[in-house]
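Position 1 is the first residue of the sequence, and the numbers go up from there.
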Amino acid sequence: MPVLDEVLSANARYAESFGAKGELAIPPARRFAILTCMDARLDPAKYAGLSEGDAHVIRNAGGRASDDAIRSLVISYKLLGTQEWFVIHHTNCGMEFFDDERMRELLAQSLETAELGPDGFQDVGSGPGCIDTHIIDWLTISDREGSVVEDVTRIRAHPLVPPRIPIYGYVYDVKTGRLVEIAEATEAGRAS
């Protein structure tokens, strides 16, 4: 069965018991937001004890504080009332296995999917590639804890983020399911 069929079948089952969820308010009930990675091994609803309608969850590669992630956080507080934010990176993140230069090389070689081997990502496709690889800052991770600090600091310093919102920094351990605080990040995100 194609993935499309699986998704539509699962959605039909979900919709059958949707019930009162259609009455949930737009603002998140628990008034907080999480910025985290898109990695399929992470389930923020489970690791943070969320139900539908509880919180905003913003996901991107690495859980990085990109311009778009900050845009979403600003909308989250300004229009929808969130009062606390979490930045949660994780162990064994794919963003740790390459750097910006390697990503540019891979895309210049081909636009096919690369493979991860013992020596990092390798291109296995044939061209053509693309020379416009510099138009995106890939926000790769060379220091996991440092990247959490960097992202919390970037969010805290943004002129559209009010100083009253606390920003917490954590790393999710994919082997244990535990959240590990990065104290320096949480300190950088302290509300004033």
What are the two closest non-hydrogen atoms of A33 and S76, and how far apart are they?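 Closest heavy-atom pair between A33 and S76: CB-OG, 3.8 Å.
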Search all heavy atoms of A65 against all heavy atoms of I70 and return the closest pair with its distance. O-CD1, 3.8 Å
Is there a path of hydrophobic side-chain contacts, each under 4.5 Å between heavy atoms, that joins [X] and [Y]?
{"X": "I135", "Y": "L139", "answer": "no"}
{"X": "L179", "Y": "V174", "answer": "yes"}
{"X": "F121", "Y": "M38", "answer": "no"}
{"X": "I75", "Y": "I155", "answer": "no"}
{"X": "L42", "Y": "V87", "answer": "no"}

Is there a side-chain contact between [X] and [Y], using heavy atoms and a 4.5 Å cut-off?
{"X": "V171", "Y": "I88", "result": "no"}
{"X": "R64", "Y": "C37", "result": "no"}
{"X": "D67", "Y": "R71", "result": "no"}
{"X": "T82", "Y": "P28", "result": "yes"}
{"X": "E112", "Y": "S126", "result": "no"}
{"X": "F97", "Y": "I141", "result": "no"}
{"X": "Y77", "Y": "L80", "result": "no"}

Look only at the side chain of [X] and the backbone of [Y], and say whether a donor-acceptor pair between them is shorter than 3.5 Å.
{"X": "S110", "Y": "L106", "result": "no"}
{"X": "T140", "Y": "M95", "result": "no"}
{"X": "R156", "Y": "P162", "result": "yes"}
{"X": "S9", "Y": "D5", "result": "no"}

Between atom [atom1] of [X] and atom [atom2] of [Y], what is the distance when rounded to the nearest 0.5 Å?
{"X": "F32", "Y": "I165", "atom1": "CZ", "atom2": "CD1", "answer": "14.0 Å"}
{"X": "D137", "Y": "M103", "atom1": "CG", "atom2": "CE", "answer": "12.0 Å"}
{"X": "H56", "Y": "I34", "atom1": "NE2", "atom2": "CD1", "answer": "11.5 Å"}
{"X": "I136", "Y": "S66", "atom1": "CD1", "atom2": "OG", "answer": "11.0 Å"}
{"X": "F86", "Y": "I58", "atom1": "CZ", "atom2": "CD1", "answer": "13.0 Å"}
{"X": "F98", "Y": "Q122", "atom1": "CZ", "atom2": "CD", "answer": "13.5 Å"}

side-chain contact (heavy atoms from CB on, under 4.5 Å) between D99 and R102, worked out: CA-CA 5 Å; D99 59 19; R102 183 65 185 139; 3.4 Å; yes
Do [X] and [Y] get their side chains close enough for a donor-acceptor pair, meaning under 3.5 Å?
{"X": "Y47", "Y": "T36", "result": "yes"}
{"X": "D100", "Y": "H134", "result": "no"}
{"X": "E84", "Y": "Y168", "result": "yes"}

Has [X] got more than 12 heavy atoms of other residues, nucleotides or ligands less than 6.0 Å from its [atom1]?
{"X": "L8", "atom1": "CG", "result": "yes"}
{"X": "L79", "atom1": "CG", "result": "yes"}
{"X": "R178", "atom1": "CZ", "result": "no"}

Test side-chain contact (heavy atoms from CB on, under 4.5 Å) on H90 and R144 and set out the steps. CA-CA 8 Å; H90 67 95; R144 182 182 310 127; over 6 Å; no
Evaluate salt bridge (charged side-chain N to carboxylate O under 4.0 Å, His left out) for R154 paired with D151, printing each intermediate quantity in order. CA-CA 5 Å; R154 182 166 193 259; D151 284 349; over 6 Å; no
From I167, T186, L35, I182, residue fulfilling side-chain contact (heavy atoms from CB on, under 4.5 Å) relative to V152: I167
S192 and R164: side-chain contact (heavy atoms from CB on, under 4.5 Å), yes or no, with the steps? CA-CA 5 Å; S192 60; R164 65 175 168 72; over 6 Å; no
Salt-bridge criterion met for K175 and D173 (N-O under 4.0 Å): no
side-chain contact (heavy atoms from CB on, under 4.5 Å) between E145 and H89: does it pass, once the steps are laid out? CA-CA 8 Å; E145 290 77 15; H89 293 193; over 6 Å; no
Any pair with a residue in residues 12-34 that passes salt bridge (Lys or Arg N to Asp or Glu O under 4.0 Å), sequence neighbours left out, goes on the list, sorted by first then second residue, please. K21-E52, R30-D54
